[in-house]
Number of protein chains: 2
Amino acid sequence: MSDSLRVSRRSLLATAGAGALTAAVPGVASAAGPDEAPVSTPSETKEVDVAIIGAGLTGLNAARALKSAGKSVHVVEADDRPGGRVWTVNLDDGTPVNWGATFVGPQQTEILALAKDVGVGTYKTWNSGKNVQFFNGQRKTYAGTVPQADVGSLLEVSRAMSRLNGLAGSMDPATPWTHPMAAELDKITAHTWIRQNATKLMSQKLLDLAVPALFSVEPWEVSALHLIFYVRSAGTIQNLLNVNAGAQESQFDGGSQIICERVAEQLGTGAVTYSSPARRVVTKDGRTTVYADGVTVVAKKVIVAVPPPMIPRISYEPLLSPTKDQICQHSPMGSVGKAVAVYDTPWWRAKGLTGQATSDIGPVKITFDISPASGKPGVMMGFVDGQDARDWSFWSYEDRRAKVLAQFAEWFGPEALSPRQYLDYNMDAQEWHRGCPVSVPQPGTITGYKDALRRPEGDLHFACTETATIWSGYMDGAVRAGKTVAAEVQAAL
Amino acid sequence: MSDSLRVSRRSLLATAGAGALTAAVPGVASAAGPDEAPVSTPSETKEVDVAIIGAGLTGLNAARALKSAGKSVHVVEADDRPGGRVWTVNLDDGTPVNWGATFVGPQQTEILALAKDVGVGTYKTWNSGKNVQFFNGQRKTYAGTVPQADVGSLLEVSRAMSRLNGLAGSMDPATPWTHPMAAELDKITAHTWIRQNATKLMSQKLLDLAVPALFSVEPWEVSALHLIFYVRSAGTIQNLLNVNAGAQESQFDGGSQIICERVAEQLGTGAVTYSSPARRVVTKDGRTTVYADGVTVVAKKVIVAVPPPMIPRISYEPLLSPTKDQICQHSPMGSVGKAVAVYDTPWWRAKGLTGQATSDIGPVKITFDISPASGKPGVMMGFVDGQDARDWSFWSYEDRRAKVLAQFAEWFGPEALSPRQYLDYNMDAQEWHRGCPVSVPQPGTITGYKDALRRPEGDLHFACTETATIWSGYMDGAVRAGKTVAAEVQAAL
């Protein structure tokens, strides 16, 4: 198992490219295993204007904005690295692999500006050649964005996508519950909506595939209204799904996490405490104290910048409101793993393949060529989403490896069976994430709880990519949410 | 506000019927407010065979079974009283009012046997006279279980109920995911299923009403498969909904919580630590330690007997499996409040009314006469379920009082406007509950996670009324779950 890993980029950086990595066994333990003691004794107390819980893109970017406005900040982070859901590991040769957020598109101007600002470049996702489609046990290839299907199904798919864009067009992304059809759309799942808007099995199958691709859940596990909101938040369904001119167009040189590392660095030495989960937040006499492992932070305002299901795992005094707690209960994280095979070269390119495949059976249903800009090594990545991620959490490493490589071989060629390294992980097994990429509102949640997620309570403010109205769920949304909450806190200070 | 209350029965008992009670203001604070300190220093360490987290009916009954099998047990309870979701408060004159589980039906043999065993009797829920139906702004009355509607709608409702019973009949309640139609039924909400099985607006409305009545959520917030499971678990939909010969037939003399108090007493002095939320559970070298406020319990086995959304709010080493954590994320609690008006007598009885009403507008949509067996005082209780419970968490006490009493007056008569006491609460605001009566699997949860909720992990075992297969969600299911987990633990010791 020396070819898999479960170390964070930060530990790797600390040990300067150490080679021996241990296996990421889903369901067993996260890299950042907590200490045995129930809660460590605070070793240090900091007093600042704003305490921030979570050093993901949102929390870090909020800290950055507040710092440049002259406010003092301190960030506590449960993991032993910055980034949160932006998580990059490095192979033995230094090649970065994004376990977390990977892609960036041209409309995502906020994350692109931030990356530029901290000196991180981008390169285009490999997209030359033909894509593979593996449906009903049959391998087909196609060029461009139109998959292999009969004309009737393609027309239905196209019509349904136009309808999604149309419904999204009449939505205010700040108040999706005010959409003229909100009540109706929030009463059904995306699965039901797809069947109301496409009658052919093939078009239903093609449309269904978009749901795990976007949310890492099955089509019946998300409100149709939230799907419309996601489209609105990104502009069009094409923006969400496409490589060229879409959300998968580019990747960051050196991995996405490097942006977070640089922002954290710029906050100054000691501005972030790592391996420091917040346990309890107490507001009293106009000051709020965050009790985290290893540090206690006393502040005028607190930003809770963690994924929605993690919010109520911290304890609060006074308690969070009923609607804040309940909206978090109604927004479970998607289930997602990634499987990565590393080869000396991206050999599929020479065969005229993009390295992109879609499949109607798992464990992998979507692949991408995520090789670095140099094309060396060749890195093939498979998404394991929704039910597939849950199922494979019971399999052994050897089983996962064998099943994934067999899929890659069937789609791209027998070379797939001999990678120089195979690694995978399951985000659901990570203590401070318990799923990815985003939390997914169940039917009734948006209309039932409205703005409960982002509504401040007392001196507590809340932000994460899920609170963003533009590119919600993406790195870009996280940066925006950080900016928005920083402005909100500044106004309240 | 001296006529409302937020004290637990235990504190009331301790202060021997003290009169001055403070207001239960939803969204503000629970009775059992935690201390300021992040976590209290353990003052005591206990070493037992089995540590039990949660002194609800499940945890207490598991403790009882293990103790009588000769095992040593210790129970830690976050609230300052036994009972969990079985929660009774007492009015100034001692009259018990159940904030939590209230009713018991003749098929619920396990809770009835337990009550008998600890000397708690039952009395029949008042059910003589006519029921009130308030639909489309119109008040009508009817006798028996058949509401006022056109024959076509009544036929549709009757057919849909037969279909529910039929689908339930072919389900093994231990494995609902193996039902022949499980995949299909778990992909849609109860709302969608109702519309697939009833076309008339009136019949849809009547069927819709059953969902908040059972789960305290809106019809689109629960998987249709779970509705079928609930019916199977109770035998028939009639068993669930009816007063005579159904789940609402009787109530316990002295309130439901007294059963839990007596079981706790029988466990012996010091067997339960109250106001002691478990924070962290660590298994190491064959022993598991539960770190709770005020006490540390070292045990061979641990039973986690808390509602599903509360399970991941405790931290574990080793971590819970991905599927255990995720099924808890996918099972939010229902939203529920109760409004209670107390009168010198149950004056509606003299008007030939049962005191039962159903309404298509809130805040109250269902009422019951919950007067004690003596009929003195007269106590009218209104359920505030699902969206109504969320909405009213923003209202002032005065607004809630005025709106509820106006509803009672419209349905039963102007006498309703002058209660000698009005009290209400919102279970969503309680720190260790955050909703009631049960957690509600979202579409995809049962088929996606199967038995993940009740599956033991290492030396941890899990039980709550939600893990019961018979009368799941009821006091009876809680007793059964306690017995089942006790047997499971005994076999593993």
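Just so you know, these numbers come straight off a predicted model, no measurement behind them. Residue numbers start from 1 in every chain, and the chains themselves are labelled A, B, ... in the order their sequence lines are given, proteins ahead of strands. Below, each value reflects all heavy atoms present in this structure, side chains not excepted, and no hydrogens, waters or symmetry copies.
Contact of Q326(B) with chain A is made through the side chain alone, with heavy-atom distances under 4.5 Å. For a residue to count as touching a neighbouring chain, one of its non-hydrogen atoms must lie under 4.5 Å from one of that chain's; by this rule E218(B) does not touch chain A. Interface remark: P309(A) contributes side-chain atoms only to the contact with chain B (heavy atom separation under 4.5 Å). Contacts of M333(B) with chain A are made by both backbone and side-chain atoms, with heavy-atom separations under 4.5 Å.
Applying the salt bridge (Lys or Arg N to Asp or Glu O under 4.0 Å) definition to pairs two or more places apart or across chains, none involves residues 437-446 of chain B.
Atom CD of Q442(B) sits about 4.0 Å away from atom CD of Q442(A), to the nearest 0.5 Å. Atom CG of L185(A) is separated from atom CH2 of W220(B) by 13.0 Å, given to the nearest 0.5 angstrom. Rounding to the nearest 0.5 Å places CG of D325(A) at 11.5 Å from OG of S393(B). With values rounded to the nearest 0.5 angstrom, Q329(A) atom CD is found 11.0 Å from Q329(B) atom CD. Note: D428(B) CG to L319(A) CG = 12.5 Å, rounded to the nearest 0.5 Å.
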Requested in this report: Give the intermediate values and the outcome of side chain to side chain contact (heavy atoms under 4.5 Å, CB included) for residues S315(A) and R313(B).
Outcome: CA-CA 9 Å; S315(A) 90; R313(B) 297 189 186 189; over 6 Å; no

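In this structure F462(B) satisfies the ring-ring contact (aromatic ring centres under 6.0 Å, His included) test with no other residue, sequence neighbours excluded. Residues meeting the salt bridge (Lys or Arg N to Asp or Glu O under 4.0 Å) test with E457(A), sequence neighbours left out: none.
Residue with the most contacts toward chain B among R455(A), K324(A), M427(A): R455(A) (heavy-atom pairs, distance under 4.5 Å). Interface check for chain B: of the options S223(A), P277(A), G444(A), the most heavy-atom pairs under 4.5 Å are formed by G444(A). Contact count against chain A (heavy-atom pairs under 4.5 Å) is highest for P312(B) among S331(B), G435(B), S439(B), P312(B).
What you find for R390(A) and G448(B) is that their closest heavy atoms are CD-O, 4.1 Å.
Of residues 186-194 of chain B, those residues lying under 4.5 Å from chain A by any heavy-atom pair are D186(B), K187(B), I188(B), T189(B), H191(B), T192(B).
Using a 4.5 Å heavy-atom threshold, the side chains of Y449(B) and S335(A) count as touching.
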